[in-house]
Amino acid sequence: MLDPKFLRNDIEETAKKLASRGFVLDVELINQLEERRKTLQVETETLQSQRNTRSKEIGMAAKRGEDIAPLRAEMGKLGEDLDAAKEEFTALAEQIKQASYAVPNVPHESVPVGNDEDENVEISTWGTPKEFNFDVKDHVDLGEALGGLDFKSAVKISGSRFIVMQGQIAKLHRALAQYMLNLHTNHHGYTEMYVPLLVNADSLYGTTQLPKFGDDLFNTKPATEEGIGMSLIPSAEVPLTNMSRDMIYDESELPVRITAHTPCFRSEAGSYGRDTRGLIRQHQFDKVELVQIVHPEKSFEALEEITKHAEQVLKNLELPYRKVVLCTGDMGFSATKTYDLEVWVPAQKTYREISSCSNVGDFQARRLQARFRAAGAKKPELVHTLNGSGLAVGRTLVAVLENYQLEDGRIEIPAVLQHYMGGLTHIG
RNA sequence: GGUGGGGUGGCCGAGUGGCCGAAGGCGCUCCCCUGCUAAGGGAGUAACGGGUUUAUAGCCUGUUCGAGGGUUCGAAUCCCUCCUCCACCGCCA
């Protein structure tokens with residue numbers, strides 16, 4: 001969530017920034033609620049203060065052995081007034097809280113203004129899409145022909161948007177995840193984590209999946225009711241970032257760099273008909289996630305870095321890709337700035353998202369109460385959090401199958417993966 | 001699943017209805033003393049929110065002793081529910 005002060009002291013400016021990402025802030029309403037909140041809170045706290053004072057007096061009178069009964073009687077009215085004020089205040093505070101939960105993060109000034117994905121700006125491209133002198137097949141045809149992708153079984157077992165992989169392709173999928181994890185832990189300074197795949201509602205609030213995006217989650221029970229039910233993670237971002245919940249780091253502990261390879265589960269509500277063919281959009285997919293917890297002054301530096309770490313995977317796999325910066329209108333709810341990496345998908349003759357790297361600023365940290373104490377400082381400050389996919393494993397498999405296909409339907413194995421495949425150079 | 005015992009400030013640990021936001025210790029900060037990286041003495045040291053303010057300074061004030069609810073003029077202290085940790089037993093991948 002945003003700093004409440006933005007909504008109190010600088011609401012016009014904040015509204016302007018939010019408008020750039022297509023969010024209409026109801027300035028009128030918020031000002032009105034805030035006005036009421038202020039008077040009501042002062043009123044309530046004054047009554048509270050009176051009650052505290054009077055109660056202490058009663059306590060002292062009792063100690064002196066005086067008769068308390070009349071003093072007590074006086075408290076009746078005060079108590080009623082206080083209860084009434086409290087009740088109204090609590091309701092109002094809840095209303096303001098809910099309203100503020102709905103407000104997305106403010107885009108960084110370097111983010112291009114635009115309405116939707118068509119206005120994202122390409123930063124760079126790497127590699128050249130290979131010229132095939134035969135008709136390319138897509139990964140579905142390739143995978144099925146090789147007996148490695150089994151959509152039929154997946155439908156039987158679970159439904160659409162699931163996959164069964166088999167044999168060398170299952171192994172290649174595993175090799176990709178292993179390779180990524182090794183790269184990030186051995187060369188990029190991340191610590192490997194094994195984390196829960198089911199998380200509680202507090203965690204989902206912490207990373208802002210709740211309360212707005214509950215529909216995207218698979219829940220074991222309603223996750224919005226506190227304390228009951230858990231949800232399957234939509235990304236390892238949730239468990240990894242929630243590691244820092246209620247933490248006060250020593251400045252010297254920053255940055256925290258952690259990574260995990262996990263399955264991710266998404267309901268894909270609202271994407272009916274999109275990418276129905278193949279592995280691009282699944283209810284369950286694997287991802288290697290990168291998370292950094294950093295000093296607030298270093299988060300944009302860290303965004304460049306985390307993106308480079310993700311890019312390195314594509315470079316080492318020799319997969320052509322491009323890097324775009326998302327425009328204000330296409331950014332996720334919690335991001336201040338996001339780079340997407342898009343890998344070349346030959347059968348679609350286009351670049352498709354394979355990684356998304358975001359600087360979330362203090363937006364999650366505020367809900368998480370994730371802080372650090374600067375050396376010598378008395379007050380802790382909010383950290384900044386970042387997350388990036390490094391990479392989505394299922395989509396990487398798609399890219400490898402399609403980019404490395406041969407005319408006879410076999411798949412060449414990228415050089416860096418061959419020893420993960422027992423020295424195998426081809427599948428098929 | 002059963003029985004028993006816990007969850008208090010950065011950490012350890014007192015506190016069973018009224019100056020307790022919380023003794024004491026450790027750690028940390030500052031000062032003093034001390035002729036040799038030891039020891040001693042003194043002072044300070046929670047977070048979050050609101051109001052006021054140029055102010056993240058001060059002042060006023062509220063909340064917080066695992067979470068939520070209740071009893072009471074008043075709750076860290078009593079009652080209820082939940083979460084969680086530890087020990088032993090049972091079961092088990």
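- Closest to the side chain of Gln369(A), from the set rC73(B), rG62(B), rC48(B), is rC48(B).
- To the nearest whole angstrom, the two C1' atoms, one in rG44(B) and one in rG10(B), are 16 Å apart.
- No hydrogens or angles considered: a donor-acceptor pair under 3.5 Å links the side chains of Ser203(A) and Asn200(A).
- Using a 4.0 Å cut-off, some side-chain N or O of Asn52(A) falls inside it from OP1 or OP2 of rG62(B).
- When the C1' atom is used for both rG70(B) and rG13(B), the distance is 30 Å, rounded to whole Å.
- Atom-to-atom, NZ of Lys56(A) to C1' of rG74(B) comes out at 10 Å; the value is rounded to the nearest Å.
- Screening Leu391(A), Asn403(A), Val313(A), Val345(A) for a side-chain contact (heavy atoms from CB on, under 4.5 Å) involving Leu319(A) leaves a single residue, Asn403(A).
- In this structure, the CD atom of Glu80(A) is 13 Å from the P atom of rU72(B), given to the nearest Å.
- Contacts of His295(A) classified as ring-ring contact (aromatic ring centres under 6.0 Å, His included), with partners at least two apart in sequence or in another chain: Phe372(A).
- A straight line from CD of Gln50(A) to C1' of rU61(B) spans 12 Å, rounded to a whole angstrom.
- The 12-atom threshold is not exceeded at CE of Met243(A), counting heavy atoms of other residues, nucleotides or ligands nearer than 6.0 Å.
- For Asp202(A) and rU84(B), the CG to C1' distance is 13 Å, given to the nearest whole Å.
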Below 3.5 Å, can you tabulate the donor-acceptor pairs from side chains in residues 251-258 of chain A to any protein atom, sequence neighbours excluded?
residue	atom	partner	partner atom	Å
Glu251(A)	OE1	Ala375(A)	N	2.8
Ser252(A)	OG	Asp250(A)	OD1	2.9
Glu253(A)	OE1	Asp250(A)	N	2.6
Arg257(A)	NE	Glu305(A)	OE2	3.0
Arg257(A)	NH2	Glu305(A)	OE2	3.2

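- Using a 4.0 Å heavy-atom distance criterion, Arg366(A) is classed as making no nucleic acid contact.
- Taking atom C1' in both rU45(B) and rU84(B), the straight-line distance is 30 Å, to the nearest Å.
- Residue-to-nucleotide proximity on RNA chain B shows that, of Ser55(A) and Lys86(A), the 5′-proximal contact is made by Ser55(A).
- With a 3.5 Å limit on both pairing distances and Watson-Crick or G-U wobble geometry required, the stems of 3 or more pairs in RNA chain B span B:1-7 with B:83-89, B:10-12 with B:24-26, B:27-32 with B:40-45, B:46-52 with B:58-64, B:66-70 with B:78-82.
- Atom name C1', nucleotides rG49(B) and rU37(B): the rounded distance is 45 Å, in whole Å.
- Looking only at atom types and distance, the side chain of Arg367(A) has no donor-acceptor partner in the side chain of Gln364(A) under 3.5 Å away.
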Any protein N or O atoms within reach of nucleotides 51-54 of chain B? Criterion: under 3.5 Å, listing atom names and distances.
residue	atom	partner	partner atom	Å
rG51(B)	OP1	Arg37(A)	NH2	3.4

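- Rounded to a whole angstrom, the distance from the P atom of rC59(B) to that of rA67(B) is 29 Å.
- To the nearest angstrom, C1' of rC73(B) lies 4 Å from CD1 of Ile58(A).
- Look at CG on Leu40(A): it is 15 Å from P on rU63(B), rounded to the nearest Å.
- Heavy-atom minimum distance, Ser299(A) versus His384(A): OG-ND1, 2.9 Å.
- Positionally, the nearest nucleotide of RNA chain B for Ile248(A) lies more toward the 5' end than for the other of Met60(A) and Ile248(A).
- To the nearest whole angstrom, the two C1' atoms, one in rA22(B) and one in rU3(B), are 33 Å apart.
- For Phe363(A), the ring-ring contact (aromatic ring centres under 6.0 Å, His included) criterion is met by Phe333(A), not counting sequence neighbours.
- Nearest nucleotide to the Arg371(A) side chain, out of rU63(B), rC48(B), rG18(B): rC48(B).
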Side chains of residues 97-104 of chain A: which donor-acceptor pairs under 3.5 Å do they make with residues two or more places apart or in other chains?
residue	atom	partner	partner atom	Å
Gln98(A)	NE2	Glu94(A)	OE2	2.7
Ser100(A)	OG	Lys97(A)	O	2.9

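- Taking atom P on both rG5(B) and rG62(B), the two are 37 Å apart, rounded to the nearest angstrom.
- Taking atom CG of Asp246(A) as the reference point, atom C1' of rU64(B) lies 13 Å away to the nearest angstrom.
- Leu92(A) has its CG atom 15 Å from the C1' atom of rG49(B), to the nearest Å.
- The nearest pair of heavy atoms linking Asn219(A) to Ser231(A) is OD1-OG, 2.5 Å.
- Of all nucleotides listed (rG49(B), rU61(B), rG74(B)), rG74(B) comes nearest to the side chain of Arg51(A).
- In this pair, His309(A) and Tyr190(A) present their aromatic rings perpendicular. The plane angle is above 60°, beyond the 30 to 60° band.
- Of the P atoms belonging to rG27(B) and rA38(B), the separation is 12 Å, rounded to the nearest Å.
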